[in-house]
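Take a look at the structure below.
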Protein chains: 2
Amino acid sequence: MRALVVEDEAAVAEDIRAALHAAGFVVDIAPDGRDAWFAGDVEDYDIAILDLGLPQLDGLSVLKRWRAADRLFPVIIVSARGDWTERVEGINAGADDYLGKPFEMGELIARVRGLLRRAAGRGSSVLAVGPLRIDSQRMTAELNGVPVRLSPLEFRLLDYLAHSPARAVSAMELADHLYGAADTTDSNAIEALVARLRRKVGAGLITTRRGFGYMLGDSG
Amino acid sequence: MRALVVEDEAAVAEDIRAALHAAGFVVDIAPDGRDAWFAGDVEDYDIAILDLGLPQLDGLSVLKRWRAADRLFPVIIVSARGDWTERVEGINAGADDYLGKPFEMGELIARVRGLLRRAAGRGSSVLAVGPLRIDSQRMTAELNGVPVRLSPLEFRLLDYLAHSPARAVSAMELADHLYGAADTTDSNAIEALVARLRRKVGAGLITTRRGFGYMLGDSG
DNA sequence: GCGCCGCTGACATCCGGCTGACGGCCGACG
DNA sequence: CGTCGGCCGTCAGCCGGATGTCAGCGGCGC
């Protein structure tokens, strides 16, 4: 999962980054509105945390521009001014959630997870695919009720697939969301990762659609 | 689907080519404005990605010449970050979308799909033809609600037919768009492909107009 | 009824994707 | 500080599905 954090105060940005990173996200930070707009327009994020008070370009404007450009990833607005009208404005501009400062990192993570769940069209916080249960909260997985020990990358790959229902996800997209955009590796790292995952969760769970990508389950 | 990438920087061009190819496109690359103008004038593209900073002939001029010659395929302008005036100029010259550098490949693909959808006069990425539903986003097809497993080429052929409403598409045109112009193969590869497709989606869905080509459905 | 275009099933080939092995890197631990 | 073990990217070779080719058949249009 890839997240964009828009926050001008470096210390706060770093706190959020750390929390998200610990929760298994790849994080980009945009320190001002202009960078934020650009990054959100150009990169492929799963979610954005957006501070409203920003230099260069106001947070609400950033959000509106994203939405106008059909950038539909979930956005959580974070703001110091606990203003009620502001909240409404945020929602109207296309925000999916609102969090007043100061806030607990735990709450932020929880809301992020909730939004991702909704975006994936799932109700429960524990995703189930066949005999496999994936708990993104605890970063654990169970096969037939038996805990499976997964490495961080393995888990994130599995988690990303689980959040992309009924869709084949290409190796390129996976690399993008697991590593971030920077490296255009044309290696078989993803294939190797998938192989190791299959060895742990059973070969049948991850289907390869030749020429398209990977998906969980086998229908479709 | 066939795309023209106009980009003088070989590495960038290659990245774009790879991404488009992974998304199921046949890609031609034009390294300068002159080549671009010629290729767009002579070949039959479904979309073009146009860099503005070009040797020989400026990108905007290329676009204007295409439009002046009634070459109406959608064009996405790609340009170094920042300049609003440039963006306006681009739109005025007949561009359909604008993307600042650097950009995320996934973003490019999404916009390309959006434009093609609009070009086909549809709102959704899911096309329905008789009992068949084609989702070009997920690259899946369903027959009466049952997923059909198609190979990459099969899917692209089907997708192309679906985007050519009520029209017979010749084998030559199909070969052109599935493989690229270069090879003037006088083989029956397309026929074989169609045969395999028919076996999977039902013979009635793809009609042959003897001497003209193939079309989806049977009316017209 | 004739001829040609197009269809099919079989076969060859080719390429994407899988695997097992290897080694670098890094953190844990003595 | 050295060693150990786990994680993970890279390599090379293999496998099987995907796709082009061929040859023969069939039916559509004249």
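Note that the structure is a prediction, hence the values are computed from the model and not measured. Quick note on labels: first sequence line is chain A, next is B, and so on, each numbered from 1.
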Looking at A:W66, is A:R71 sitting on its ring face, NZ or CZ under 6.0 Å from the six-membered ring centre and within 45 degrees of the normal?
no
Which pairs, protein N/O on one side and nucleotides 3-6 of chain D N/O on the other, fall under 3.5 Å?
none

Just checking B:Y214: base, sugar-phosphate only, or nothing, at a heavy-atom cut-off of under 4.0 Å?
sugar-phosphate
Rounded to whole Å, CG of B:L174 lies from C1' of D:dG20 at a distance of 16 Å
Please report the shortest heavy-atom distance between A:F212 and A:A168, naming the atom on each side.
CB-CB, 4.0 Å
Can you check whether A:R2's main-chain N or O pairs, donor with acceptor, with A:D46's side chain at less than 3.5 Å?
yes
Can you find a pair of side-chain heavy atoms, one from B:R17 and one from B:I29, that are under 4.5 Å apart?
yes
Under 3.5 Å between N/O atoms: give me all the protein pairs with nucleotides 12-16 of chain D, atom names plus distance.
{"residue": "D:dA12", "atom": "N6", "partner": "A:N188", "partner atom": "ND2", "Å": "3.4"}
{"residue": "D:dG16", "atom": "N2", "partner": "A:R210", "partner atom": "NH1", "Å": "3.3"}
{"residue": "D:dG16", "atom": "N2", "partner": "A:R210", "partner atom": "NH2", "Å": "3.0"}

Hey, is CZ on A:R67 packed in by over 12 heavy atoms from elsewhere, all under 6.0 Å?
yes
Starting from C1' on C:dG6, measure out to CE on B:M215 and report it in whole angstrom.
18 Å
Phosphate oxygens OP1/OP2 of C:dG16: is one of them under 4.0 Å from a side-chain N or O of A:R209?
no
Test item: A:W37 and A:L54 side chains (from C-beta on) under 4.5 Å apart, heavy atoms
no
Could you tell me the separation between the CD atom of A:E154 and the C1' atom of D:dC7, rounded to a whole number of Å?
8 Å
Could you check how far CZ of A:R156 sits from P of D:dC7, rounded to whole Å?
14 Å
Residues touching DNA chain C, which here means a heavy atom under 4.0 Å, drawn from residues 190-198 of chain B:
B:E191, B:A195, B:R196, B:R198
Whole angstroms only, please: what is the CG-P distance between A:L153 and D:dT10?
12 Å
Take the C1' atoms of the five end pairs on each side of the helix from C:dG1-D:dC30 to C:dG30-D:dC1, derive the two axes, and give their angle rounded to 10 degrees.
30°
Can you measure A:L178 atom CG to D:dC7 atom C1' for me and round it to whole angstrom units?
14 Å
Treating A:R156 as the side-chain partner and A:L178 as the backbone partner, does any N or O pair qualify as donor plus acceptor under 3.5 Å?
yes
Would you say the side-chain atoms of A:D135 pair up with the backbone N or O of A:Q137, donor to acceptor, closer than 3.5 Å?
yes
Going by the rule side chain to side chain contact (heavy atoms under 4.5 Å, CB included), which residues pair with A:M172 if we only count those two or more places apart in sequence or in a different chain?
A:S170, B:A19, B:M105
Send over the distance from A:F212 CZ to C:dG16 C1', rounded to a whole Å.
13 Å
For the pair B:D32 (side chain) and B:Q56 (backbone), establish whether a donor and an acceptor sit closer than 3.5 Å, ignoring hydrogens and angles.
no
Passes salt bridge (Lys or Arg N to Asp or Glu O under 4.0 Å), B:E173 versus B:R167? Steps please.
CA-CA 12 Å; B:E173 181 180 342; B:R167 178 169 77 86; 3.0 Å; yes
Would you tell me if any nitrogen or oxygen in the side chain of B:Y179 comes within less than 4.0 Å of OP1 or OP2 on D:dT19?
no
Counting only heavy atoms not in B:F38 (residues, nucleotides, ligands), do more than 12 fall under 6.0 Å from its CZ?
no
Under 3.5 Å, sequence neighbours excluded: what are the donor-acceptor pairs made by side chains of residues 191-199 of chain B?
{"residue": "B:R198", "atom": "NE", "partner": "B:I206", "partner atom": "O", "Å": "3.1"}
{"residue": "B:R198", "atom": "NH2", "partner": "B:I206", "partner atom": "O", "Å": "2.9"}
{"residue": "B:R198", "atom": "NH2", "partner": "B:T208", "partner atom": "OG1", "Å": "2.6"}

I need the CD1-P distance between A:I206 and C:dT19, as an integer number of Å.
11 Å
Specify the closest pair of heavy atoms between B:S79 and B:D51, including all atoms of both residues, with the distance to one decimal.
CA-OD1, 4.3 Å
Ignoring backbone atoms, test whether B:S187 places a side-chain nitrogen or oxygen under 4.0 Å from the OP1 or OP2 oxygen of D:dT21.
yes
Quick one: on DNA chain C, does B:T208 or A:G211 contact a more 5' nucleotide (nearest heavy atom)?
B:T208
